[in-house]
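Order of appearance sets the numbers: ligands from 1, and atoms from 1 within every ligand. Positions are given from 1, in the same order as the sequence printed here.
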Amino acid sequence: MSTESRVILVTGGSGLVGQAIKTVINEEKSQNNENSKHETWIFCGSKDGDLRDKAQTDALFERHQPTHVIHLAAMVGGLFHNMAHNLDFFRENMAINDNVLNASYKHKVKKVVSCLSTCIFPDKTTYPIDETMVHNGPPHSSNFGYSYAKRMIDVLNRGYHETYGCTFTSVVPCNVFGPHDNFSVQAGHVVPALIRRMDDAVQTGDHQFCVLGSGRPLRQFIYSLDLARLFVWVLRNYDSVEPIILSVDEEDEVPISTVAEMIKKAHGFSGEIVYDTTKADGQYKKTASNKKLRSLYKDFKFTPFETAIHDTVAWYKQNREHARL
Ligand code: NAP
Ligand code: GDP
């Protein structure tokens, strides 16, 4: 473990994953953990600089002089938000990623860990998906803008490595959820959208709750605090430019209907769940292998899905006044 002092800039530090990393680092600091003693962590949101803008991005790097970067900032959203804004997802994320990686190169940042997603993999593929398959075929049409922009991070990482020897790498999380998520009905991912809508249903005394689509698609979900611990581990221990999948096991994949039932239990909602099959299902599944992670970090324990859902529902109930809606 390095004892040289590090300044770690987290772009997207105000979001779901950024806030989880902040929680984990604060925990480490309160326990006087050796690693974090030499680290200064800076968490930035869009109010600290619009990373779509090159000059603002350079100014942010000039201000903080990071030695390391965790790059999370992105236009992010659930299936329905992606379907409605594919062009914006592509253009905004391409601009953010180009600006952040170029500023990292110019400021001689020693390591950048950027964030891809398992939803950027080819739609027509064999399973399980692994790290070698990022560019193998077209992504699902519902989120082609987000997917191609994310894939270009891997292209930039390889280019900066080949041309300048930079250690710019990426992680590939499965679906993430937890405290500080975006609980917007229109823009949110399935877990926060269902938590928020079911909370509304409980409050208005509804007898029925509608899940969008058939409920059959399969997803792997990682709790944001688990992902945060893995992100910090990658920053400190993983030095390859090749992406690494950060996901729960393949056996932990669940249908959307199970997610809805667990959220129902956590909310204590007593009504009936119905499915609106006129709404999109999106990609049927994107089952990813975490074999590489398991081979490098053997004893990592994921929070059980039900516990994480329970804790996220409890967080939402306590924080709904200032949650992102
Ligand atoms: P999030 O909660 O929506 O947070 C997005 C972050 O990006 C916020 O801090 C936001 O700042 C910042 N941001 C957005 N546009 C910006 C801009 N133009 N300039 C500067 N900052 C900007 O998203 P998240 O779920 O934490 O996602 C973090 C990373 O994980 C993203 O790269 C995402 O693609 C990836 N990922 C997410 C999931 C998932 O299920 N959520 C799954 C796989 C991968 P403000 O809030 O201050 O505006
Ligand atoms: P994805 O995993 O990238 O496809 O994105 P999401 O997190 O938005 O999950 C989409 C899946 O959840 C699809 O199968 C949707 O049909 C289903 N789903 C059910 N209800 C909702 C909802 O209220 N919001 C969202 N975003 N998805 C929903």
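- Residue contact annotation: H140 has no non-hydrogen atom under 4.0 Å from ligand 2.
- When heavy-atom distances to ligand 2 are checked against a 4.0 Å cut-off, N175 comes that close only through its side chain, counted from C-beta outward.
- Taking all heavy atoms of G213, A280, C210 into account, the minimum distance to atom 15 (C) of ligand 2 is reached by A280.
- Considering only heavy atoms from C-beta on, T169 stays 4.5 Å or farther from V112 through its side chain.
- Closest heavy-atom contact between H180 and W315: N-CH2, 3.2 Å.
- Counting heavy atoms from C-beta outward, F305 and D252 have side chains that stay 4.5 Å or more apart.
- When the heavy-atom distances from atom 20 (N) of ligand 2 to L212, N82, I195 are ranked, the shortest goes to L212.
- For ligand 2, the atoms closer than 4.0 angstrom to any heavy atom of L194 are 20 (N), 23 (O).
- Of the protein's non-hydrogen atoms, the one nearest atom 36 (N) of ligand 1 is Y146 OH, 3.8 Å.
- For the ligand labelled ligand 2, residue G282 lies outside the 4.0 Å heavy-atom shell.
- A cation-pi arrangement is absent between R219 and F221 under the rule of less than 6.0 angstrom and at most 45 degrees off the ring axis.
- Summary of contacts: the protein heavy atom closest to atom 10 (C) of ligand 1 is S14 OG, 4.1 Å.
- When non-hydrogen atoms are compared, ligand 1 lies under 4.0 Å from the side chain of H189 (C-beta onward) but not from its backbone.
- Counting heavy atoms from C-beta on, the side chains of P179 and Y223 come closer than 4.5 Å.
- The shortest N or O to N or O distance between V176 and ligand 1 is below 3.5 Å.
- F209 does not carry K264 over the face of its six-membered ring by the limits of under 6.0 Å from the centre and within 45° of the normal.
- Checking only distances, C119 never comes within under 3.5 Å of ligand 2, N or O to N or O.
- Ring planes of F43 and W41: parallel class, angle under 30° (limits at 30 and 60°).
- Of the listed options H189, H81, Q283, R219, R219 places a heavy atom closest to atom 4 (O) of ligand 2.
- The closest heavy-atom contact to atom 12 (O) of ligand 2, among the options V190, N143, V176, comes from V190.
- The shortest N/O to N/O separation between G15 and ligand 1 falls below 3.5 Å.
- Atoms of ligand 2 found under 4.0 Å from any heavy atom of G188, numbered from 1 in the order shown, are 26 (N).
- Taking any N or O of M75, backbone or side chain, none lies under 3.5 Å from an N or O belonging to ligand 1.
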